[in-house]
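Scope of the values below: all heavy atoms of this structure, side chains included, with no hydrogens, waters or symmetry mates. In what follows, chains are A, B, ... by sequence order, proteins preceding strands, each numbered from 1. Small disclaimer: the values here were computed from a predicted structure and weren't measured.
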Protein chains: 2
Amino acid sequence: MYICPMYSSELIKGTLKTIVLNLLKEQGKMYGYEITQRVKLLSNEKIQITEGALYPLLHALEKQGEVTTESEYIGKRVRKYYSLTEKGAISAKDKVSELADFMATIRFLLNLETTTANG
Amino acid sequence: MYICPMYSSELIKGTLKTIVLNLLKEQGKMYGYEITQRVKLLSNEKIQITEGALYPLLHALEKQGEVTTESEYIGKRVRKYYSLTEKGAISAKDKVSELADFMATIRFLLNLETTTANG
DNA sequence: CAAATATACATAACTTTCTTATGTATAATC
DNA sequence: GATTATACATAAGAAAGTTATGTATATTTG
């Protein structure tokens, strides 16, 4: 069995947008820091989204009308919550489908079809 | 069911090196053009490796000692065959393991665990 | 209570890695 | 003879990260 401390950044690159859109779809609304922590947790520390990658992505998604934002104050500190628009929800669905399809193709390409136990 | 004409390039980016190393591992030796055609065929046209991506990658792999080359003449035209070195074989194995692990993590992250039929 | 760590945002310089375009040349097909 | 396929190579530009830096509040710990 293979133990990986952290995936190479090239791998994460292509899936970041999909992951974020999908999380927003499932969670309803989230703020940036929360997204980084949840991905870290769910991936067992193997995917750590950097702020330099996440915030520009979220800003771009907002600009493209895929998410809307609302700021909330926790004490004096601001939190910016992101929610999917209808367009963003469609995008999330498409992205996830594409990624699922892609992974199936890759498994076939790499002959990983029967990868189940004891790798 | 989702029909995808061609995966977004961001997705392919992170997996190109892995795909190439794995093909070389399975096929013994291949030349560049052959790699592009095989990937195109095996992926049902959904992954088309561009020459501008492939050749620089192959040159880099050679420079790093992961592949060796031998040129063969087919008539007057040259073909450059690439084979894995021992180092390249290890790299291939590692890369494939990492990708398999990564895809499992992504499936979990995206709740695709039970994706089998009529997705 | 001071220091360190965690929370929470943002952006800029730089790097990597591809896309697109271009270039060269032979072989096969129509 | 012209077009398409085979077969290599590289350079300019774009995209999307990483790394570093900056600001500021909240919490934990010694």
Side-chain angles (χ1 to χ4, degrees), chain A residues 5-21 23 29-41 45-64 66-67 69-82 95 99 102, chain B residues 5-21 23 29-41 45-64 66-67 69-82 95 99 102:
Chain A
M6 172 79 178
Y7 302 119
S8 61
S9 62
E10 313 96 79
L11 278 182
I12 301 173
K13 277 192 187 187
T15 55
L16 180 57
K17 188 174 171 183
T18 308
I19 290 170
V20 170
L21 288 173
L23 273 184
K29 68 178 188 180
M30 297 180 84
Y31 55 99
Y33 186 75
E34 186 184 14
I35 292 173
T36 66
Q37 297 308 301
R38 183 169 295 271
V39 170
K40 188 177 171 185
L41 180 71
E45 317 261 314
K46 290 187 284 191
I47 300 177
Q48 295 195 27
I49 301 178
T50 61
E51 295 169 298
L54 182 63
Y55 291 118
L57 170 62
L58 288 172
H59 299 335
L61 287 174
E62 187 178 14
K63 204 171 171 183
Q64 289 151 24
E66 304 203 2
V67 298
T69 63
E70 38 182 327
S71 291
E72 183 177 305
Y73 278 83
I74 306 297
K76 284 181 184 173
R77 201 161 52 194
V78 74
R79 242 183 219 174
K80 208 164 154 188
Y81 278 96
Y82 291 83
K95 279 278 175 189
L99 182 49
F102 178 72
Chain B
M6 173 78 178
Y7 301 118
S8 60
S9 61
E10 314 97 78
L11 279 182
I12 301 173
K13 278 193 187 187
T15 57
L16 181 56
K17 188 174 173 183
T18 307
I19 290 170
V20 169
L21 288 174
L23 273 183
K29 68 178 189 179
M30 298 180 83
Y31 54 99
Y33 186 75
E34 187 185 11
I35 292 173
T36 66
Q37 297 308 301
R38 183 169 296 272
V39 171
K40 188 177 169 185
L41 180 70
E45 318 259 314
K46 288 185 285 190
I47 299 177
Q48 296 195 28
I49 300 179
T50 61
E51 295 169 299
L54 182 62
Y55 290 118
L57 170 62
L58 289 172
H59 301 333
L61 288 174
E62 188 179 13
K63 203 171 172 184
Q64 290 153 23
E66 304 203 3
V67 299
T69 63
E70 38 182 328
S71 290
E72 184 178 302
Y73 278 84
I74 306 297
K76 286 180 182 173
R77 199 162 52 191
V78 74
R79 242 183 220 175
K80 208 165 156 188
Y81 278 95
Y82 291 85
K95 279 276 176 191
L99 183 49
F102 177 72

May I have the step-by-step check of side-chain contact (heavy atoms from CB on, under 4.5 Å) for Tyr33(B) and Arg79(B), ending in yes or no? CA-CA 9 Å; Tyr33(B) 186 75; Arg79(B) 242 183 220 175; over 6 Å; no

Rounded to whole Å, CG of Leu58(A) lies from P of dA10(C) at a distance of 8 Å

Measure from CD on Gln48(B) to C1' on dT19(C) and round the result to the nearest Å. 14 Å

After noting the C-alpha distance and the side-chain angles of Lys13(B) and Lys13(A), does the key distance pass the side-chain contact (heavy atoms from CB on, under 4.5 Å) rule? CA-CA 8 Å; Lys13(B) 278 193 187 187; Lys13(A) 277 192 187 187; 5.8 Å; no

Please give, in whole Å, the distance from dG17(D) P to Lys13(B) NZ? 9 Å

Hey, is the side chain of Ser9(B) poking within less than 4.0 Å of OP1 or OP2 on dC18(C), counting only N and O atoms? no

For Gly75(A), answer base if it contacts any base atom (sugar-phosphate contacts may also be present), sugar-phosphate if it contacts only those atoms, and nothing otherwise; contact means non-hydrogen atoms under 4.0 Å. sugar-phosphate

Under 3.5 Å donor-acceptor pair, Glu10(B) side-chain atoms to dC18(C) base atoms: no

When you measure from the side chain of Arg79(B), which nucleotide among dA9(D), dA7(D), dA8(C) comes out closest? dA7(D)

Can you give me the closest heavy-atom contact between Gly32(A) and Leu58(A), atom names plus distance? CA-CD1, 4.1 Å

In whole Å, I'd like the distance from the OH atom of Tyr55(B) to the P atom of dC18(C). 15 Å

Between CD1 of Ile19(A) and P of dG17(D) the distance, given in whole Å, is 10 Å

Between dT10(D), dT19(C), dT18(D), which nucleotide gets closest to the side-chain atoms of Pro56(B)? dT10(D)

dA7(D) phosphate, OP1 or OP2: any side-chain N/O from Lys76(B) under 4.0 angstrom? no

Taking 4.0 angstrom as the limit, do Glu10(B) and Lys17(A) come out as a salt bridge? no

Under 4.0 Å between any heavy atoms, over every strand shown, what does Gly32(A) touch: base, sugar-phosphate, or nothing? Just pick one. sugar-phosphate

Atom CD of Gln64(B) to atom C1' of dT16(C): distance rounded to whole Å? 13 Å

Give the nucleotide from the list dA9(D), dG17(D), dA5(D) with an atom nearest to the side chain of Lys80(B). dA9(D)

May I have the distance from Leu61(A) (atom CG) to dA15(D) (atom C1'), rounded to whole angstrom? 15 Å

Reckon Arg77(B) has a side-chain N or O less than 4.0 Å from the OP1 or OP2 of dA27(C)? no

Looking only at heavy atoms, the pair that brings Glu45(B) and Met6(B) closest together is O-SD, 3.9 Å

Please tell me which of Ile74(A) and Ile49(B) maps to the more 5' nucleotide of DNA chain C, matching each residue to the nucleotide holding its nearest heavy atom. Ile74(A)

Below 4.0 angstrom from OP1 or OP2 of dC8(D), is there any side-chain N or O of Tyr31(B)? no

Comparing Thr15(B) with Glu51(B), nearest DNA chain C nucleotide closer to 5' gives the residue Thr15(B)

Working for side-chain contact (heavy atoms from CB on, under 4.5 Å), residues Phe102(A) and Thr15(B): CA-CA 11 Å; Phe102(A) 178 72; Thr15(B) 57; 3.6 Å; yes

Measure the distance from NE2 on His59(A) to C1' on dA8(C) and round it to the nearest whole Å. 12 Å

Touch class at under 4.0 angstrom, heavy-atom based, for Glu34(A) against every strand present: nothing

